[in-house]
Amino acid sequence: MLDITLIREQPDFVRDELAKKGYAVDFSVFLERDAKRRQLIYETERLKAEKNQTSAQIPQLKKSGQDVAPLLARMKEINETIKSGDEQISHLNTVQKAFLDALPNLPADDVLPGGKENNQVVRSVGKRPEFSFQPQHHVDLCERLGLIDYKSGARLGGSGFWVYRKLGAQLEWALLNYFIEEHLKDGYEMILPPHILTWQCGYTAGQFPKFADDVFQLRQDDGESFSQFILPTAETALVNLHRDEILSADQLPLKYFAFTPCYRKEAGSYRAEERGMIRGHQFNKIEMFQYVLPGQADQALQELVDKASRLVENLGLHFQVSKLAAGDCSASMRRTYDIEVWIPSMNDYKEVSSASDAGDYQARRGNIRYRDPASQKPGFVHTLNASGLATSRIFPAIIEQFQMADGRIAIPDVLQKWMGGIKWLEA
RNA sequence: GGAGAUGUAGCGAAGCUGGCCGUAACGCGCCGCACUCGAAAUGCGGUUGUCCAGAAAUGGGCACGUGGGUUCGAAUCCCACCGUCUCCGCCA
């Protein structure tokens with residue numbers, strides 16, 4: 001949600017900023033409607049004030065035995081005008097809100113306009129592994145070593161699911177343990193949220209109403225509407241933890257992390273090169289989240305990027321960090337860094353973490369505020385989130401980057417303590 | 001799933017035979033001041049959010065879980081929904 005005052009006062013600025021995201025908008029109708037709406041509010045509220053005054057007079061006149069009939073007649077008249085005014089205002093509010101809800105966040109000053117093609121690699125860690133043999137695809141390696149059972153996954157959940165087995169399941173759990181341990185060390189509070197969330201949660205996060213079709217919805221008995229859905233990321237839960245609250249400034253920043261599977265429809269997005277666990281309907285992820293004062297956002301984003309990077313780096317994987325152009329940031333976000341790990345079989349880098357600053361966009365939607373110590377007035381907090389990390393790309397990266405000529409796979413040092421001390425995945 | 005209770009400020013709680021009740025009794029907490037060498041105790045004062053108009057001072061509207069209804073007038077009466085609690089049933 002953008003600040004309506006900003007649109008009123010600098011519509012051309014907002015239009016130009018949104019254009020950087022590839023979002024074309026014309027505010028002329030909106031502004032006209034806004035002026036009309038405020039005029040109606042002004043007129044209707046004046047009548048309401050008269051109504052309140054008159055209403056207070058009636059019992060007094062009655063007490064002194066005077067005739068209240070003329071006042072009652074006037075009240076009837078006022079009430080009709082108020083009712084009609086309120087109806088018009090309510091309609092305009094609905095229209096205006098729908099318009100505002102659809103507007104994406106403005107990009108930060110330092111974010112380049114345009115789409116993917118303008119993403120910038122800002123950091124590269126490690127080197128692409130060079131193999132003295134023909135490297136195998138993670139699907140083949142995982143099946144040979146019995147780590148992942150794709151056939152059973154399809155039997156159980158349909159296309160786009162898999163089953164972790166034996167050392168595969170243990171490796172997955174080791175990754176999660178490793179991430180959790182690191183976040184606890186850094187003082188983040190661990191959260192295990194519900195996986196089913198209410199519609200309002202999706203709204204606050206900025207996913208609804210526009211992207212409601214991307215999630216698995218739980219239909220009501222009428223088969224039409226839905227009021228709950230299965231979360232596509234723990235961010236959706238964490239951003240709602242303090243919805244409708246006024247936090248005290250000295251509580252901030254609040255730092256959380258949550259583990260949940262992420263459930264996504266991914267309708268129509270299958271591509272041949274994404275076979276394996278690159279893009280499934282369910283994957284495990286640990287999500288970091290911060291609520292901060294507006295002035296703390298830059299530092300917080302840097303912290304999240306650094307934390308996510310360190311996790312990948314300490315696994316020994318080759319990866320890069322990209323700063324996304326405005327159009328590649330998701331709707332709610334003003335600035336995003338992606339951490340992308342090298343997947344040899346794809347000859348490409350795939351996102352394992354997306355670290356984003358939402359500014360006050362989500363806080364406005366969720367009415368999440370803090371009390372400013374100086375002015376004592378409430379203001380909107382800023383929210384930031386970053387994966388830390390999603391396993392479904394890290395897992396294949398480990399399998400592929402650390403494969404040996406003899407088919408064995410080296411287990412990263414940091415994971416070994418959760419793998420019973422073994423150093424190799426082998427048949 | 002069945003029965004009952006309940007939802008009022010940061011917390012507890014009164015009001016619920018409709019107008020004198022919404023900044024909202026009373027208590028706790030918090031802030032300021034006084035007393036004090038300092039503190040405790042005590043005393044006095046303050047302490048919701050949002051929207052509209054206005055340069056501002058200020059004036060006004062709205063909000064008693066949410067949404068409707070009755071009424072000149074609703075925290076109060078009626079209806080629906082949501083949350084919480086207790087008991088019963090079922091169940092990992």
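Chain letters run A, B, ... following the sequence lines, proteins first and then strands; every chain starts at 1. Worth saying up front: this structure is predicted, and the values here are computed from it rather than measured.
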Could you let me know what [N] is paired to, Watson-Crick or G-U wobble, both distances under 3.5 Å, or none if it's on its own?
N: rG43(B); result: rC33(B)
N: rC85(B); result: rG4(B)
N: rA25(B); result: none
N: rG54(B); result: none
N: rC72(B); result: rG19(B)
N: rG49(B); result: rC62(B)
N: rG38(B); result: none

Salt bridge or not for [X] and [Y], using N-O below 4.0 Å?
X: Glu313(A); Y: Arg310(A); answer: no
X: Lys48(A); Y: Asp86(A); answer: yes
X: Arg279(A); Y: Glu266(A); answer: yes
X: Asp214(A); Y: Lys265(A); answer: no
X: Arg74(A); Y: Glu77(A); answer: yes

How is Arg8(A) classified with respect to the nucleic acid when contacts are heavy atoms under 4.0 Å: base, sugar-phosphate, or nothing?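 Arg8(A): backbone/sugar contact only, no base atoms under 4.0 Å.
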
What's the [atom1]-[atom2] distance between [X] and [N], to the nearest Å?
X: Trp199(A); N: rG83(B); atom1: CH2; atom2: C1'; value: 20 Å
X: Met75(A); N: rG19(B); atom1: CE; atom2: P; value: 15 Å
X: Glu245(A); N: rC11(B); atom1: CD; atom2: P; value: 10 Å
X: Arg38(A); N: rA53(B); atom1: CZ; atom2: C1'; value: 10 Å
X: Glu87(A); N: rG68(B); atom1: CD; atom2: C1'; value: 13 Å
X: Arg37(A); N: rG61(B); atom1: CZ; atom2: C1'; value: 14 Å
X: Arg371(A); N: rC31(B); atom1: CZ; atom2: C1'; value: 12 Å
X: Ile368(A); N: rG49(B); atom1: CD1; atom2: P; value: 18 Å

How far does the [atom1] atom of [N] sit from the matching atom of [M], given to the nearest Å?
N: rC72(B); M: rU6(B); atom1: C1'; answer: 32 Å
N: rC28(B); M: rA80(B); atom1: C1'; answer: 37 Å
N: rA14(B); M: rG4(B); atom1: C1'; answer: 23 Å
N: rC31(B); M: rG22(B); atom1: C1'; answer: 22 Å
N: rC35(B); M: rA41(B); atom1: C1'; answer: 11 Å
N: rA63(B); M: rA9(B); atom1: P; answer: 15 Å
N: rG19(B); M: rA75(B); atom1: C1'; answer: 13 Å
N: rG61(B); M: rG46(B); atom1: P; answer: 23 Å

Starting at the 5' end of RNA chain B and moving along, which residue's nearest nucleotide shows up first, Arg46(A) or Ser55(A)?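 Of the two residues, Ser55(A) wins.
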
Quick check on RNA chain B: between Lys48(A) and Asn79(A), whose nearest nucleotide comes earlier from the 5' end?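 Its nearest nucleotide being more 5', the pick is Lys48(A).
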
As a test of reading the structure: which of rG60(B), rC62(B), rG73(B) is closest to the side chain of Glu45(A), going by heavy atoms?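 Nearest listed nucleotide: rG60(B).
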
Where the side chain of Ala49(A) is concerned, which of rC52(B), rG60(B), rG49(B) is the nearest nucleotide?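 Taking heavy atoms from C-beta onward, the closest nucleotide is rG60(B).
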
So does Asn52(A) get a side-chain nitrogen or oxygen closer than 4.0 Å to the phosphate oxygens (OP1/OP2) of rG60(B)?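 No.
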
OP1 or OP2 of rU50(B) sitting under 4.0 Å from any side-chain N/O of Arg369(A)?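 Yes, Arg369(A) has a side-chain N/O under 4.0 Å of OP1/OP2 on rU50(B).
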
Cation over ring face, Lys417(A) and Tyr178(A), 6.0 Å, 45°: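 No.
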
Ring pair (Phe, Tyr, Trp, His ring centres under 6.0 Å), paired with Phe229(A), selected from Phe216(A), Trp199(A), Phe208(A):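 Filter result, single survivor: Phe208(A).
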
